Amino acid sequence: MTQSAQGGQPASEAEGTLITPADLAGTRGGEPDVHGKFGVFGGRYVPEALIPALDEVAAEYDKARTDLGFIREFDHLLRTYAGRPTTITEVARFAEQAGGARILLKREDLTHTGAHKINNVLGQALLTKRLGKTRVIAETGAGQHGVATATAAALMGLECVIYMGAVDCERQALNVARMKLLGATVVPVTNGSQTLKDAINEAFRDWVTNVDHTHYLFGTVAGPHPFPEIVRDFASIIGVEARRQVLELTGRLPDAVAAAVGGGSNAIGIFHAFIGDENVQLHGYEAGGRGAESGEHALTLTKGSVGVLHGSRTYVLQDEEGQTIESHSISAGLDYPGVGPEHAWLKDSGRAVYHGITDAEAMEAFALLARTEGIIPALESSHALAGALKLGRELGPEATILVNLSGRGDKDMGTAMKYFNL
Amino acid sequence: MTTLQTVFEKARSENRAALVGYLPAGFPTKDGAVAAATAMVEAGCDVIEIGLPYSDPLMDGPTIQDAVHRSLTNGTRIADVMRTVEGVARTGAATLVMTYWNPVDRYGAERFARDLASAGGAGTITPDLTPEESDPWLTASREAGIDTVFLVAPSSPDERIERVVSCCTGFVYAASLMGVTGARETVGSAAEGLVKKTRAHTSLPVCVGLGVGNGSQAAEVAAYADGVIVGSAFIRRLLDAPDEKSGLASVRELTYELARGVRR
Ligand SMILES: Cc1ncc(COP(=O)(O)O)c(C=O)c1O
């Protein structure tokens, strides 16, 4: 355990960096074994051709995570480029709809590029440099990971290609334009469901072809080992900061932490610092789309079954013969039929609980936060907000709920204009 | 059932490489796949790989993606794959199933191995199953008496090759290049070296696949490998044909060309 996890002096103050070797050491619990297994979940189900590249990334990360030089460089970017630490904001007017529970938002929407994705991207972009690779590729759903990757590539002079489902290109058109302006090539993917899952397939095809000079800058805590671990560690800055901030503000730990779950990076990012705090409930909210019974949803953990997708054993939306079932969500970033293996493990161990939020519930929370607090959240984050409203009513007015506001909603204005007739 | 061992012994006795053809089940139709594979065997394929169509074929290029998508749209299920194997095995070719891991995982490893063996299948090729995750499949296959083929790649260092070949029976699949399936102008220059490296770790036959699509490429590969694997080029012929009959004729013609290639 790190010092901060024990509630003493924050480790980061002792080290002088926002995130410390202790934070990246993965000693909080949930460290995968040598094969990248979280219990039975995770591992590697990929073409043999990619194994050396995955080994190379894992080995370089193992060196980097304990290298103070690397951590200082990462810290410098987080502070001076990403705008960290991000604040927490208490939202009392919004919380009136949550039975009067205290709701605190971790403001990842205030980071440069407007979503939590930048944390992982900056870490992996530095890793790309250490690996001596000159080109990065990435998949993107909402476009936030694509924008963050294009941003880091521009900053560090890397060639950048982003794969994005054609459906997502349309509903997140603003982000496509941002990526292009940042100098990235955006490849619309027209296979299958034309969303995040298909973008990942296409990125893997690129990677196996160009792996000698290309790093696959994976955007969430899914995929083959070591991605679930690396992405989690770089995203865990969210929880490390928030835990300290909540303690400072309220004098105690929150009763519950709430986050949206697509692949699971913002959720793991805020959960991870609280894993050892047994009295802090962890709640993940998946996209319920048109409802659990409609068949049009992305309820991977709550309705899926155990299988293999995109290189990892985890919960998957699949039929009885193992064919992936297409997911549906109004939110592109949650529209994914898989989920990170650590979430599968947290679900089965009971440490975290996962629920569904419908499109309609998310849109209501989206509008409510805008009207009561003057904050327009991302549609993804709106699922966590809707979850917090329910949770507050359950836990009562004494409860404090920390919500990961994973991103801002500018990118979603097209969807909102249609939905609300704006 | 014709085993891989019989096939490679025969090819060796004829001083040539074996010809391995790939086709997904259910493409161009459920019966059409058996007809096409039968034509391939009659014209000189020694081994047929029947692809199990999967929704997320991340190792496949556009041609196989297209065929697999059509097959799934035709409603192909695992029972159809087994029926296809049964039909193809009857021709006397050693018949394998090439499959991504999740459908087998979901179906149940033991059940899949048993059903494949009863259908007359000789084994499987599992391109996304790594040695680390392969124990349940190796056990199930051994019990059912079917072979397990895994892949090595140009990027594989010696210790990986050693690990992969220790999971293989029947033959070792050497990917000729870094990339996805699909016919190419030239066969990867890394292939020959990879075959040499692989032979240092195994006495099993080593077959080369990815990017082979015509007779001269087949001849080039046959000079250093025990078998030549061709997939996308067959599918291309079927996709481009105006009707089923000319598709079969075109597949037959390509097979003759390749069969001459492996005998050069
Ligand atoms: C703002 C925001 N939140 C959440 C997500 C969902 O991803 P994850 O579950 O990995 O956090 C995305 C993905 O694009 C996003 O942009």
Side-chain angles (χ1 to χ4, degrees), chain A residues 33-37 40 42-56 189-193 197-214 223-225 305-314 316-326 337-338, chain B residues 52-62 65-66 68-69 72 76-81 99-108 112 126-134 150-157 159-161 163-164 167 172-182 190 194 210:
Chain A
D33 71 10
V34 287
H35 299 309
K37 285 293 186 82
V40 300
R44 284 177 180 172
Y45 294 83
V46 293
E48 187 62 30
L50 287 177
I51 295 289
L54 291 169
D55 280 344
E56 185 190 19
V189 178
T190 53
N191 307 329
S193 56
K197 147 182 113 67
D198 310 284
I200 295 177
N201 290 342
E202 211 51 39
F204 269 111
R205 293 183 187 118
D206 179 315
W207 202 29
V208 75
T209 308
N210 299 301
V211 67
D212 57 331
H213 65 292
T214 299
H225 174 67
S305 50
V306 176
V308 171
L309 181 65
H310 293 144
S312 177
R313 177 176 296 280
T314 183
V316 180
L317 292 180
Q318 58 181 338
D319 70 11
E320 66 280 10
E321 295 211 331
Q323 306 289 348
T324 310
I325 296 173
E326 290 178 9
Chain B
L52 192 155
Y54 175 53
S55 51
D56 292 276
L58 59 75
M59 247 206 74
D60 286 303
Q65 281 179 51
D66 188 356
V68 160
H69 180 73
L72 287 172
T76 306
R77 312 208 10 119
I78 293 178
D80 299 308
V81 176
T99 180
Y100 289 90
W101 180 242
N102 196 47
V104 180
D105 194 77
R106 184 79 171 143
Y107 194 81
F112 194 94
T126 44
D128 65 346
L129 187 61
T130 50
E132 288 76 4
E133 306 292 349
S134 68
F150 291 75
L151 280 76
V152 292
S155 59
S156 304
E159 60 274 18
R160 283 307 296 184
I161 293 177
R163 189 118 198 229
V164 171
C167 298
V172 181
Y173 189 134
S176 73
L177 47 80
M178 295 298 290
V180 294
T181 56
L194 177 60
L210 295 198

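Per chain, numbering begins at 1; letters A, B, ... match sequence-line order. The structure presented is a predicted model; accordingly, all values stated were derived computationally and were not measured.
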Assess whether side chain to side chain donor-acceptor pair (under 3.5 Å) is satisfied between A:Tyr45 and B:Glu133, documenting all intermediate values. CA-CA 8 Å; A:Tyr45 294 83; B:Glu133 306 292 349; 3.2 Å; yes
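- The contact between B:Val180 and chain A is made by backbone and side chain atoms together, counting heavy-atom distances below 4.5 Å.
- Heavy atoms of A:Pro52 lying under 4.5 Å from chain B belong exclusively to its side chain.
- Checked for salt-bridge contact, A:Lys37 and B:Glu132 miss the test: no charged N lies under 4.0 Å from a carboxylate O.
- For a residue to count as touching a neighbouring chain, one of its non-hydrogen atoms must lie under 4.5 Å from one of that chain's; by this rule B:Asp56 touches chain A with backbone and side chain alike.
- Note that OG of B:Ser55 and CG of A:Asn191 are 12.0 Å apart. Values are rounded to the nearest 0.5 Å.
- Each of A:Val211, A:Asp212, A:Thr209 was checked for a side-chain contact (heavy atoms from CB on, under 4.5 Å) with B:Met178, and the lone residue meeting it is A:Val211.
- Contact of B:Asp66 with chain A is not made at all, since no heavy-atom distance falls under 4.5 Å.
- Side-chain contact annotation: B:Tyr54 with A:Gln323, donor-acceptor N/O pair under 3.5 Å absent.
- Proximity of a side-chain donor or acceptor of B:Asn102 to a complementary backbone N or O of A:Val308 within less than 3.5 Å is detected.
- A pairwise comparison of heavy atoms in B:Thr130 and A:Arg44 identifies OG1-O, 2.9 Å as the closest pair.
- Looking at heavy atoms from C-beta onward, A:Pro47 lies in side-chain contact with B:Leu58 at the 4.5 angstrom threshold.
- Contact check for A:Val208 versus B:Met59: no side-chain heavy atoms found under the 4.5 Å cut-off.
- Contact of the A:Arg313 side chain with the B:Asp105 side chain is registered, since non-hydrogen atoms from C-beta on lie closer than 4.5 Å.
- Rounding to the nearest 0.5 angstrom, the gap separating the CG atom in A:Leu50 from the OG atom in B:Ser155 is 7.0 Å.
- When each of B:Pro154, B:Pro127, B:Pro62, B:Gly61 is scored by its heavy-atom pairs under 4.5 Å with chain A, the top score falls to B:Pro127.
- By the 4.0 Å N-to-carboxylate-O rule, B:Arg106 lies too far from A:Glu320 to be salt-bridged with it.
- Within the 4.5 angstrom heavy-atom criterion, no atom of B:Leu177 approaches chain A.
- In this structure, B:Phe150 and A:Glu48 have side chains that are not in contact, with every pair of non-hydrogen atoms separated by 4.5 Å or more.
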